[in-house]
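Have a look at the structure below before the remarks.
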Amino acid sequence: MNILGIETSCDETAAAVVKDGIIIISSVIASSAEMHIRSGGIIPEKAAREQTKSILPVIDHSLVQAKTDPEKIDAIAVTIGPGLIGSLLVGVEVARTLSYLWKKPVIPVNHLLAHIYANWLTGRPDPEFPALALVVSGGHTDLVLITDHSKLTWIGGTRDDAAGEAFDKTARLLGLPYPGGPSIGKEAAKYLDTHPQAPLNLFPRPMLKNDNFDWSFSGLKTAVYREVNNKKFDPSHMAAEVQEAIVDVLVVKTLKAINLYEPKSLLLAGGVAANLRLRETFENQIRRSKIKVDFRLPPIGLCTDNAAIVASAAFFNNRPVSAELLEVNPALSITGQF
Ligand code: KG4
Ligand code: ZN
């Protein structure tokens with residue numbers, strides 16, 4: 001089954017053709033990130049305007065790259081939320097129109113669930129259930145237990161800022177460019193290369209010892225602000241400290257959840273899962289603690305927003321709706337669709 005995925009929840013415009021939920025035939029991503037670098041963050045109206053311009057060429061390109069045409073597409077999958085309302089509408093209205101034109105079913109997809117399906121696109125055997133998934137993106141931080149496709153239980157998440165948001169906001173305070181996650185990662189690597197053994201405990205680790213699987217990242221901004229405002233500071237050192245504070249709490253709480261729920265697989269997902277320090281720390285801690293879990297990390301290019309994950313999630317959670325009932329839901333939660 002060939003599914004055309006469409007993704008426009010944030011500043012990317014993406015389309016992909018995926019076969020049977022696991023084989024990427026084509027994947028095209030146009031991003032307005034360059035434009036947002038200049039403004040230091042996303043301006044939603046500008047992002048949506050760019051998406052109206054690029055959506056049709058991107059879809060066309062994805063079909064050409066797949067050497068296919070609409071007749072050979074079995075269904076259209078589209079992100080309905082969460083995300084920016086103007087951006088989501090671009091994808092949803094195009095999916096609705098193509099569904100009428102091509103007479104193909106349309107499958108609404110939860111963007112956060114889609115992130116998890118990056119782990120089905122790696123060429124390895126499908127992850128086994130029950131699985132614990134940590135979804136760390138620009139707007140969300142959620143820990144969910146998955147007993148089967150479409151069967152998710154939320155077990156924890158952030159109380160305030162998302163992990164990606166913490167990277168983005170602290171990067172701004174450090175004078176590093178948007179998006180903050182990759183900038184902090186690069187800057188931190190310089191410090192870690194030259195100070196591999198240096199302790200990194202300048203910033204607080206809130207809620208680390210609490211008896212739950214929740215996080216809080218908003219205090220980190222204040223702590224960084226106090227540390228750098230009107231003072232001389234080493235951006236590489238500060239970036240390494242920020243990164244460690246975020247990575248540390250994510251890893252410790254997730255491993256605690258593994259000990260309690262004993263899942264067969266641990267799936268990392270979302271833009272922050274592209275962070276090298278997070279990836280290494282998970283690998284090292286799992287090895288060191290001798291926890292028995294099949295740890296899955298999607299390739300970096302599948303962690304951040306793309307449409308292949310949308311098509312994959314649609315294949316495994318296949319719930320088509322009639323095109324006139326397709327609706328955006330900017331505030332959809334990770335368990336909201338089922
Ligand atoms: O999943 P994603 O592409 O979009 C959303 O659904 O939000 O995630 C974007 C977030 C941004 O906050 C960005 O700074 C962060 O992921 N990010 C990273 C890295 N690459 C992207 N954070 C840390 N390290 C990275 N290498
Ligand atoms: Zn995303």
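The residues of the chain are indexed from 1 along the displayed sequence. Ligands are counted one by one from 1 in listed order, and the atoms in each one are counted from 1 as well. In what follows, every heavy atom counts, from backbone to side chain, and hydrogens, waters and symmetry copies are set aside.
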Mind running side-chain hydrogen bond (donor to acceptor under 3.5 Å, both in side chains) on E50 and T52 for me, showing each step along the way?
CA-CA 6 Å; E50 286 305 305; T52 55; over 6 Å; no

Counting only heavy atoms, tell me which of N275, N306, I300 gets closest to atom 24 (N) of ligand 1.
N275

Below a 4.0 angstrom heavy-atom separation, can you tell me which part of E12, side chain or backbone, both or neither, approaches ligand 1?
neither

Below 4.0 Å from any atom of ligand 1, is there a heavy atom belonging to G185?
no

Ligand 1 contacted by H111 (non-hydrogen, < 4.0 Å)
yes

Does a sphere of radius 6.0 Å around NZ in K19 hold more than 12 heavy atoms from other residues, nucleotides or ligands, not counting ones at 6.0 Å or beyond?
no

For [atom], what is the nearest protein heavy atom, given as residue, atom name and distance?
atom: atom 22 (N) of ligand 1; answer: G181 CA, 3.2 Å
atom: atom 3 (O) of ligand 1; answer: D305 N, 3.1 Å
atom: atom 12 (O) of ligand 1; answer: D168 OD2, 2.7 Å

N/O of G271 under 3.5 Å from N/O of ligand 1, yes or no?
yes

State whether the shortest distance between N or O atoms of G138 and N or O atoms of ligand 1 falls below 3.5 angstrom.
yes

Assess the residue pair S87 and Q51 against the criterion (side-chain hydrogen bond (donor to acceptor under 3.5 Å, both in side chains)); give the C-alpha distance rounded to whole Å, side-chain angles, the decisive distance to 0.1 Å, and a yes or no.
CA-CA 7 Å; S87 295; Q51 282 161 323; 2.7 Å; yes

Please identify which atoms of ligand 1 are closer than 4.0 Å to at least one heavy atom of G164.
12 (O)

Considering the heavy atoms of G139, write down every atom of ligand 1 situated less than 4.0 Å from one of them.
7 (O)

Does the distance from a Lys or Arg side-chain N to an Asp or Glu carboxylate O, for [X] and [Y], drop under 4.0 Å?
X: D193; Y: K190; result: no
X: D294; Y: R124; result: yes
X: K221; Y: D161; result: yes

Evaluate side chain to side chain contact (heavy atoms under 4.5 Å, CB included) for I309 paired with W120, printing each intermediate quantity in order.
CA-CA 8 Å; I309 57 174; W120 269 259; over 6 Å; no

Residue pair Q243, N275: steps toward the side-chain hydrogen bond (donor to acceptor under 3.5 Å, both in side chains) verdict
CA-CA 9 Å; Q243 176 173 266; N275 184 273; 3.0 Å; yes

Closest approach of F203 and A245, non-hydrogen atoms and distance?
CB-CB, 4.1 Å

With a cut-off of 2.8 Å, does any N, O or S atom of C10 fall short of it relative to the Zn ion (ligand 2)?
no

Opening angle at the Zn ion (ligand 2) [NE2, H115; OD1, D305; to 10 degrees]
100°

